[in-house]
Structures are given as C-alpha cells and as structure tokens.
Participant: 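Let me give you the structure first, and then I'll get to my questions.
Letters go in sequence order (proteins before strands), and every chain restarts at 1.
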Amino acid sequence: MPDGATPFVLDVKDLKTVFRTRRGEVHAVNDVSFTLKSGELLGVVGESGSGKSVTMMSLIRLLPMPPAEIRGGSVMFEGQDLARVSEDTMRAIRGARIGMVFQDPMTSLNPVFTVGYQIIEPLRTHMGLNKAQAANRAVELLELVGIPDARRRLDDYPHQFSGGMRQRVMIAIALACDPKVLIADEPTTALDVTIQAQILELIKDLRQKLGMAIVWITHDLGVIAGIADRVMVMYGGQVVEQAPVRELFANPQHPYTRMLLETVPNIRGDRQEKLRVIQGQPPILSKAPESCPFRDRCPQAFDRCASENPVRFDVGPAHDAACFWDFKTGAPRHA
Amino acid sequence: MRDTGTPKKLVEVKNLKMHFPIRSGLLRRVTGAVKAVDDVSFDIFEGETLGLVGESGCGKSTCGRAVLRLYEPTSGSIIIDGEEIAHAPFDKLRRLRPKMQMVFQDPQASLNPRMTVAGIIGEPLMEHGKMSAKDRLDRIYELMDAVGLNRDFANRYPHEFSGGQRQRIGIARALALNPKFIVCDEPIAALDVSIQAQVVNLLEELQDRLGLTYLFISHDLSMVRHIADRVVVMYLGKVAEIGPRDGLYDDPLHPYTKALLSAVPEPDPVAHDSANRTILQGDVPSPANPPKGCNFSTRCPVAMDICRRLDPEVAEVKPGRFVACHLYNETTSQTAGNAAQTVGA
Ligand SMILES: Nc1ncnc2c1ncn2[C@@H]1O[C@H](COP(=O)(O)OP(=O)(O)OP(=O)(O)O)[C@@H](O)[C@H]1O
Ligand SMILES: Nc1ncnc2c1ncn2[C@@H]1O[C@H](COP(=O)(O)OP(=O)(O)O)[C@@H](O)[C@H]1O
Ligand code: SF4
Ligand code: SF4
Ligand SMILES: [Mg+2]
Ligand SMILES: [Mg+2]
C-alpha cells in the first residue's frame, strides 16, 4: 500500500449530481458520501427516485452527460479521483476494476451476440488473453456462477437462457476481470423469489471465494437483511442513515428507516391487522434542499426541520443518521 | 370479515382450462398449446379475499382474466353470484359486467393518457348507466373521495399523478358500477414500499365498507399473508395447494409451497443466520411442455417414482386444506408419511 493509503477501496465524498431538463433541474444526488472497505458488502436501500442508481452511475460516470452534470465531490479509487480522471482511464476501470450488474439482464446483454462472445470480449480487451485462453476462462466463469454444461452454452444467445440464467451470465461478465468492486443495481428485482434465493446464495458463495467488495442496491429490506454487512438508506437524493446491518434493523435512528421497517408485512411470526402507512409522497427534487427532505411525511418534524437540512449525526458506533430528532432522549438533538 | 352462518360462495370456478394455441410454420398451423391454466378449481366466499400466488408465468393473470371472461375459456365452469358465465353469450355478459371488475398492475398502462381523471372514472358510468351529467359528476366526486383523491384534480390527466395516485384512479374506476367482485392483478407490484401500504389499506377499508370480494393476485407472499383470508398456490398452470392463510403460512403442506415460503427473505438479519432454506434448483419448465406426472417433479426435493408417472389430484387432506401431492395420498404412496416428515425439516 502506498503512503497515505486508506483502508477503503472506494471513498466517495460529497457527490452531487444534477439533471438539467427542459422543465428545470432535478437534484438527484445531494452531497452523498460513503466508503467501502475491501471485501465488504454495502447494501443501499431507498424507494424509487431516491437516487440510488444515479449515485452509483455518477461514480463510474455512466450517465448521459448532458442532461446529467456532476457538480461536485470526489470518488477515490485505487489512488485516483474518478471524478477527475480522463475518459480513457475511466473506460479501463469500468467493467474491469469495477464490475457492474443491472436489474434487467435482457437489456444489458446484447441479443445479437452469443453469450460466449460477450464474456470473452472483455477478457481479451482488458486482460489481454488470447482467444483460447479467454474461452477457457469464460467456461470457468460460467461454471463459477452455476451454469451447467458451460462450454456448450458459450454458443447460445441470451434469449436461449432463462431470466435467472441471464442474471448469472451478467454476474460472470462482471467478474470476468477480477474486479475490486462490484456494483449490483437491483440485480434480483425482476426475478422470482425462488430464483432470487439462488442468486443470493451464489453471491454469498462468490464473496467467500473472491473477496471483492460489493455495493448492492435494492428496495427489498429482506434481501438487505440477508446479505449486507452495512446498510446505507437513501431518501430524496441523500443518505439519511448508515449503520452495520444488525444495528440498523435493531436500532434504526431515522424516522424514515423506522417507518419503512414497520410498513412491510412479515412472512412469519406476528401478523399485524393494519399496515403502518407513511403518508404522502416522496419529494420533488427541483432544487438543492434547504430543509429536511422527509419533513412533509415525518411524524417527528418540528420547526428546525423546515429551516435547515440536517447533516449526518453520529448516533452510535459506526452509525449515523441525518435527523434533528434524537430518539434516545426523545427530544430535539443539541448542537 | 365473515360472521353470519355459512358463508355464501360468490365465485365458483370448476375445472377451468385456458389453453393458448401455439402456431408455427409458414401456415401458422396450430402445433401445440400453452396450458396457461390447466384444470383449476376454487371457490371464493362473499366478502373474503382469496390470495393467488406463484412464480412468474404460472398462470395467475390468465386465471384472473379468464374468471372475468376477459378470455374465452377453453373449458370449465365459472359461476359468479349464481350465474354461469364461462360460456355465456354477449348480452348476458354485458348485463353481468358491472358486478365484476379488475384492477391492473401497471396503473400507467391501464389508464387512457388522453382522458381526464373524471373521464376515466366516469367512463363505465357512461357505458352502463343512464345517469344525468350532474348525477354522474356527483358519483365521480364520491368515488374520488372514497379512494382519497382530491376532487380538485378531477380535470387533470394521469401523467400528472404519482404511481400510487394512479392506482387510486384505477380503483375508483373499478368501483364505479358498485361491483361485488374485484380481481386485483398485482395492484401494488409497480409501487414503492411506502406507497404499497397506502393502497393495501385502502383496498381493505373499501372491502369492509362495501362488502367487496377480492381475488388478490400477487407474487409478494408477505403482502398476501397480510391481506388474504385464504390462499391458492399455483405452479405451472395447476393448483398446488389451497388453504386458510394461517394454516398455509404456518404449516405449508405441498413441497412447492414450502420451498416458495422458505425463499422469501425476511427483513431481519438475525433470522437469516438461522434460516434453514430449501433452495429450489433450476427453473420453472415451459408450460408448453410440462413434465409428465406431477408438474413439480423436476424440481421437487422429495419427488418419488410415482411422481414422474402420475399427476396427483387436488384432495382435501385436512379440513379446509387442499393439496395436489402424492405424499398425502395414502393409496398411491406407502412411504408418504416418512417423506412428508423430511420435507418439513
Ligand atoms: N395471450 C397469450 N397467448 C399465448 N400464451 C400466453 C398468453 N397469455 C399468457 N400466456 C402464457 O401463459 C402462461 C401464464 O401466463 P400468465 O400471464 O397468466 O402468468 P402469471 O402467473 O400472471 O405471471 P406473472 O407473475 O409474470 O404476471 C405463460 O407461459 C404465458 O407466456
Ligand atoms: N436521465 C434523467 N433525466 C432527468 N432526471 C433523471 C434522469 N435519471 C434519473 N433522474 C432523476 O434522478 C432521481 C434519482 O433517480 P435514481 O437514482 O434512478 O433513483 P433510484 O435508483 O433510487 O430509484 C429521480 O428523481 C429521477 O427522476
Ligand atoms: S430532521 Fe426533522 S423532519 Fe427530518 S427526519 Fe428528522 S425529525 Fe423528521
Ligand atoms: S407429487 Fe411428488 S413431485 Fe409432486 S410435489 Fe408431491 S412429492 Fe413432489
Ligand atoms: Mg434505480
Ligand atoms: Mg401476471
């Protein structure tokens, strides 16, 4: 490790992304900061539009610019600030040092190329393997993600695979160049629970074998509970709470997280007669927030929440929450 | 929800089949059939919510649509409020339509983007009633109140609303003609977690107030546990299990029901560490070419020889508990008892 190295494989600070559309600006990501340790799985939860995808797309610069514009922040990865490196450097990192898996494998796999070609191609460009080496590695990768009869299936096209198998192929492609970080954006959302369970098992197994760090985006608290080490909750383009997974579920400190945990029904155990509702709608992000984005829906809101946007306060070991209310004292936070 | 004496069966579905032809070749000749719904029977009691669950493509939507005669069923009988509709002629169907309605998954796609909210909600009133314009508007406002939409929005267009609000518009429209029975096909699947609870609570409140009967189709097993009184589990076009909610969730009998429930990740990190999951291998086979014998036999962790030869019939194995599995059929399986115990582990 060079001098001044951090324990983090990824260190994102104050990332700010704005879309400029005909109807005005959308402040999709507002001063988002987070870190990722080597080998760690960070779960990112939040409802649609909360900025999960745009945050991750911003840091690998995979957004259409324009309309997107990264207005600030730094993304430290392997000693470089990805927000500032050249597009060529970025291209060499994306898909190689940082792997990606998206929600819909049908749209991310190219229907006109064989599955084999789509795995072999990055191996040749990024890893400099020859054709035979790359083909062997492709078979290894498909076997790693549990595709039976892998060598024969190299010649198949994506439509000849089921949804679950396509997602396995996407994972194989993402793993092809031994990435340091894998970014998975709702990779199981489009799958049935039985297939999702297969993919989650696969990821747990691969983590042990490969030791890469993973960012896993989902809106499913059950999935997060099952695989994450640490969780970051997003709301209105901001990180509202961050904690180790057990701590977050046992001891949530942001009103949004607390309500979110109560609004989902259980599959086992007690069955509540009436579901807890979070009234209202998520905020419209047309300008940089000057107040708490959760204010309109928050039962705890008080005057300060209307005049200031809370920073992330330390609320426990490795646990922070962006809220002026202190649940531990049952009173507004000092300072 | 049901309190007085023997509940009345509002919907009776018997041996319903909905097969879609597969055409191939230049002449588009019929070369096979997708058996989307294959010999399905169930009842829905007045005022109850029957949940319908199963993996994608197992025939839930097809079943819901066939029950409302949005499809021409291949065979079988559908009785709604005492009237046979499976093969009823057009006029009879038209007369019965108001009683039975549907709420769709994608509120965006199911609402006409060129109509105002008032137009969308009022359309069934135009088609089926002879109301004056004023009465119609009053009724539209009443419906908007009932589903929690602000009356001031009556002249806005669907794209001006959020997903949850659009689903409220869809529900208001479905309620316009005072239906008795509503098929809700994944009504919350397109909505955010925090909005899902709003819509589910609304559906429950309307049911209590108006005495509605629901067929609630969903792949969200936790939400079905919340809303349903009884549950049907489908696999590849057939019924695997039917039972009362608590019995089915606490003690699933069919190996598929067990696997399906065990695959649902709980929002509790501690439970995950101790969970003993049955992870099903492989995928659901194609409904155009289902396996011989029990259709679950290719993935069933406790399949027996007989399962690959003989299709198990749905049988009542305990009061109110219906299961299609050889494990519970004493005459076909000697080893059933032992095997049944090992699945439960
Ligand atoms: N109009 C049609 N023509 C041919 N096949 C069809 C038609 N509609 C549905 N199918 C097939 O019937 C089967 C059942 O489909 P259906 O839409 O009922 O499934 P589902 O259980 O509602 O699935 P999902 O959870 O994905 O909504 C599928 O194999 C589907 O491809
Ligand atoms: N291409 C785009 N143009 C304008 N706004 C966009 C675009 N992509 C995303 N947004 C907006 O950015 C915000 C965050 O979106 P996103 O990160 O996709 O949410 P999530 O992944 O959490 O569902 C939303 O308000 C969304 O509407
Ligand atoms: S800062 Fe205020 S409005 Fe925001 S979540 Fe905390 S209490 Fe609620
Ligand atoms: S009949 Fe046989 S294959 Fe089918 S579910 Fe029962 S045990 Fe499994
Ligand atoms: Mg997203
Ligand atoms: Mg469907």
Participant: Would you check if there is a donor-acceptor pair between the side chains of Ser48(A) and Asp192(B) at a distance under 3.5 Å?
Facilitator: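 Yes, side-chain donor-acceptor contact under 3.5 Å.
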
Participant: Val264(B) versus chain A, heavy atoms under 4.5 Å apart: side chain, backbone, both or neither?
Facilitator: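 Answer is both: backbone and side chain atoms of Val264(B) are under 4.5 Å from chain A.
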
Participant: What option among Asp268(B), Asn201(B), Val284(B) has the most heavy-atom pairs under 4.5 Å with chain A?
Facilitator: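 So the answer, after comparing Asp268(B), Asn201(B), Val284(B), is Asn201(B).
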
Participant: side-chain contact (heavy atoms from CB on, under 4.5 Å) for Asn251(A) and Phe327(A)? Distances and angles first, verdict last.
Facilitator: CA-CA 10 Å; Asn251(A) 197 15; Phe327(A) 284 95; over 6 Å; no

Participant: Going by distance alone, is a donor N or O of one side chain under 3.5 Å from an acceptor N or O of the other, for Gln242(A) and Asp320(A)?
Facilitator: yes

Participant: For Gln198(A), is it the side chain, the backbone, both, or neither that has a heavy atom closer than 4.5 Å to a heavy atom of chain B?
Facilitator: both

Participant: Do you see a donor-acceptor pair shorter than 3.5 Å between the side chains of Glu186(A) and His219(A)?
Facilitator: yes

Participant: Between Arg230(A) and Glu247(A), does at least one N-O distance fall below 4.0 Å, as a salt bridge requires?
Facilitator: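 Glu247(A) and Arg230(A): not salt-bridged.
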
Participant: Less than 4.5 Å to any heavy atom of chain B: does that hold for the side chain of Gln196(A), its backbone, both, or neither?
Facilitator: side chain

Participant: For the candidates Gln196(B), Arg277(B), Met223(B), Arg299(B), which exhibits the highest count of non-hydrogen atom pairs separated by less than 4.5 Å from chain A?
Facilitator: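 Max contact count across the listed options: Met223(B).
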
Participant: Under 4.5 Å heavy-atom distance to chain A, tell me which part of Leu261(B) shows up: side chain, backbone, both or neither.
Facilitator: both

Participant: So, applying salt bridge (Lys or Arg N to Asp or Glu O under 4.0 Å) with Asp229(A), which one of Arg207(A), Lys37(A), Lys204(A) is it?
Facilitator: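 By the salt bridge (Lys or Arg N to Asp or Glu O under 4.0 Å) criterion, Asp229(A) pairs with just one of Arg207(A), Lys37(A), Lys204(A): Arg207(A).
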
Participant: Please look at Met259(A) and chain B and tell me whether the side chain, the backbone, both or neither of the residue comes under 4.5 angstrom of a heavy atom of that chain.
Facilitator: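 Neither part.
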
Participant: Would you say Arg321(B) and His254(B) are linked by a side-chain donor-acceptor pair, where the criterion is simply a distance under 3.5 Å?
Facilitator: no

Participant: Heavy-atom distance under 4.5 Å to chain A: side chain of Glu205(B), backbone, both or neither?
Facilitator: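 No part of Glu205(B) comes within 4.5 Å of chain A.
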
Participant: Which one wins on heavy-atom pair count under 4.5 Å against chain B: Pro265(A), Pro148(A), Gly146(A), Pro282(A)?
Facilitator: Pro265(A)

Participant: Leu260(B) versus chain A, heavy atoms under 4.5 Å apart: side chain, backbone, both or neither?
Facilitator: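 Both backbone and side chain.
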
Participant: For Leu210(B), does the CG atom have more than 12 heavy-atom neighbours from other residues, nucleotides or ligands under 6.0 Å away?
Facilitator: yes

Participant: side-chain contact (heavy atoms from CB on, under 4.5 Å) between Tyr235(A) and Glu47(A): does it pass, once the steps are laid out?
Facilitator: CA-CA 7 Å; Tyr235(A) 188 84; Glu47(A) 48 201 291; 3.6 Å; yes

Participant: At a heavy-atom separation under 4.5 Å, does Arg268(A) approach chain B through its side chain, its backbone, both, or neither?
Facilitator: both

Participant: Select, from Ile267(A), Thr194(A), Leu261(A), the one with the greatest count of heavy-atom pairs under 4.5 Å involving chain B.
Facilitator: Ile267(A)

Participant: Below 4.5 Å from any heavy atom of chain A, which atoms of Leu280(B) appear? Answer side chain, backbone, both or neither.
Facilitator: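 Interface part for Leu280(B): both.
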
